[in-house]
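All ligand and atom numbering here is 1-based and tracks the order in the structure. Just so you know, these numbers come straight off a predicted model, no measurement behind them.
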Amino acid sequence: MRAATLKGAQRALMSACMPAPVAARARTLASASPAVCSCSYSSTSSSSSPLATLGSSLGLCGRQQRPFARINSSSSARSRRALRPLATAAVEARRGPAAPAKDQVLTSDPANNVTEYIYSKMGINLHHQPNHPIGIIKQAIYDYFEQGSPGVFKAFDDMYPVVACTANFDEILIPADHVSRSPNDTYYVSADKVLRCHTSAHQAELLRTKQPAFLVTGDVYRRDSIDATHYPVFHQMEGVRIYGPADWEAAGLEATAFAERELKSALEGLAKHLFGDVECRWVDAYFPFTEPSFELEIFFNGKWMEVLGCGVMEQVILDKNYGEGHKAWAFGLGLERLAMVLFDIPDIRLFWSDDDRFLKQFKAGDLNSKFKSYSKFPPCYKDMAFWVSPEFTENNLCELVRGIGGDLVEEVVCIDNFTNPKTQRTSNCYRITYRSMERSLTDEEINGLQARVRQGVAEQLKVELR
Ligand code: FA5
Ligand code: MG
């Protein structure tokens, strides 16, 4: 993992939601393989339920390293499975307008920090497009849960993306002074409303409707870094399942241990269902709304990529919103990341392409197609050094660069920094990679963009260009 691209606490809600020392520890765990727990999957059939076998073979293993897991399942095994789609009737959504009205998102409220660029992505709802990789993977996950537990999960995939801060943060125990609430990380519509930064924003509300198991899919928004696996708009699916004492007593387990086992079984089964053969590993994590908490990473394009966060729901959330005497697990997975692995899509920007050469490669229900790059156009690198000020943040830089360069920006990475011992001033050097997915770029075009970026940085970010 490139240290310079880890944007401190802003990187993800996992790290953003934890106190600094825990964040530092979790980042170490996530980046250094010796600190990682590996999953041990059974690749052959066994007499007991495959889910039970997978689940009980797992567990956190402290700092001890075990061989990385490999999930084996042939594509013929995959196609043999008769999948029943999650009943359409179960896709009961609170229907919001397809695209929120502009004046409801780009408000004149002084707290508003949503940009035109972000607004332009709203209402596109890639997860509603059956032939789009995001729509295909959503349906495949719905099918998996329906197959494993027929009629149990209720799906919601049209919940309104503008939510109250109470729903996005308070109701799931994110502390009032927490960094993830900062306008550096989150898009505020007004002082008390945000563009949801995760589908966990709907947890408490749906618990109050007494659904014992649900899946929520939607577009989520974050001010974040820029690279092949991070985009300011992406899609998550939240899953929650609630159990009663009869469930853990029948299993002969204590409630939390039971929920953890079921959670990991379900998610390993999902990975196997989607990918067949893939290397993955469990990593210790921290979320304010689950304990214990984990992340699942998959080895993709030569690196470990985090695809989901999960854990046993904090009891107070369940007691308060659903009722006492139960136990639940919850997960939140990134649909783009899973689709990248499944379809071999190398860059997250491609999901937003309206180029037929991309879109025509995917078809509803087909989990076997692999993306064929139609052409690889050359990147163009531009470096920019400046003296930072106390107000400077990388998320602000990324927002500005994305606002000017749009999807031509492939990556923004800090390649160098130093502090002058005499003046104590710090200089950062950023490399911006420009590359189109669809065409060759001209020097003139890139020079024009870079000049606007430099001007924007100097004027808006309160830094001094060198
Ligand atoms: C969360 O968002 C938690 N709400 C997940 C959760 C739900 C934990 C329920 C426990 C219980 P995190 O910030 O790690 O966690 O994001 C979850 C997933 O979203 C990541 O694993 C990744 O797959 C995806 N993701 C996060 N940031 C981005 C981004 N900028 N671009 C694309 N995908 C992203
Ligand atoms: Mg995370």
query = Relative to the ring of Tyr430, is the ring of Phe392 parallel (under 30°), tilted (30 to 60°) or perpendicular (over 60°)?
reply =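 Because their plane-to-plane angle lies in the 30° to 60° range, the rings of Phe392 and Tyr430 count as tilted.
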query = Hey, what's the ring geometry for Trp248 with Phe258, parallel, tilted or perpendicular (30° and 60° as the breaks)?
reply =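 Ring orientation, 0 to 90° scale: tilted.
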key: Result of checking Val233, Leu126, Leu195 against Lys121 for side chain to side chain contact (heavy atoms under 4.5 Å, CB included)   =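 Only one of Val233, Leu126, Leu195 forms a side chain to side chain contact (heavy atoms under 4.5 Å, CB included) with Lys121, namely Val233.
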May I ask you to check whether [X] and [Y] show a side-chain donor-acceptor distance below 3.5 Å?
X	Y	result
Gln139	Asp143	yes
Tyr221	Asp219	yes
Glu238	Gln203	yes

Just jot down the ligand 1 atoms closer than 4.0 angstrom to any heavy atom of [X], in number order.
X	answer
Ser200	4 (N), 7 (C), 9 (C)
Glu295	14 (O)
Thr290	10 (C), 11 (C)
Thr229	31 (N), 32 (C)
Ala330	9 (C), 11 (C)

inquiry  = Could you work out, for atom 34 (C) of ligand 1, the closest of Phe234, Tyr286, Tyr231 by heavy-atom distance?
reply    =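 Minimum heavy-atom distance to atom 34 (C) of ligand 1 goes to Phe234.
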task = Between Phe331, Phe294, Phe287, flag the one that comes closest to atom 15 (O) of ligand 1 by a heavy atom.
result =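 Heavy atom nearest to atom 15 (O) of ligand 1 belongs to Phe287.
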inquiry  = Taking Arg337 first and then Glu306, would you say they form a salt bridge - that is, a charged N and a carboxylate O separated by under 4.0 Å?
reply    =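 The answer is no: the pair does not qualify as a salt bridge.
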inquiry  = Run the side-chain contact (heavy atoms from CB on, under 4.5 Å) test against Thr256 and tell me which residues pass, sequence neighbours left out.
reply    =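 side-chain contact (heavy atoms from CB on, under 4.5 Å) list for Thr256, sorted by chain: Glu254, Pro292, Val312, Lys327.
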query = What pairs with Ala228 under side-chain contact (heavy atoms from CB on, under 4.5 Å), at least two apart in sequence or on another chain?
reply =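 Only Asp347 meet the side-chain contact (heavy atoms from CB on, under 4.5 Å) criterion with Ala228.
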Answer side chain, backbone, both or neither: which part of [X] comes under 4.0 Å from ligand 1, heavy atoms only.
X	answer
Asp224	side chain
Cys310	backbone
Ile348	side chain
Phe289	side chain

Is there a polar contact, in the sense of an N or O pair closer than 3.5 Å, between [X] and ligand 1?
X	answer
Leu333	no
Leu308	yes
Glu238	no

task = Work out the angle at the Mg ion (ligand 2) between OE2 of Glu306 and OE2 of Glu295, rounded to 10°.
result =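 Taking the Mg ion (ligand 2) as the apex, I get 90° for this pair.
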query = Considering only heavy atoms from C-beta outward, does the side chain of Leu367 approach that of Ile136 to under 4.5 Å?
reply =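 Yes, close enough: below the 4.5 Å cut-off.
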Just to check, does [X] reach to within less than 4.0 Å of ligand 1 when the distance is taken from its heavy atoms?
X	answer
Met313	no
Val220	no
Glu306	yes

ask   = Given the rule in the ring-ring contact (aromatic ring centres under 6.0 Å, His included) test, do Tyr322 and Phe214 qualify, once you have shown the distances and angles that lead to the verdict?
value = CA-CA 13 Å; Tyr322 187 84; Phe214 54 85; 9.0 Å; no
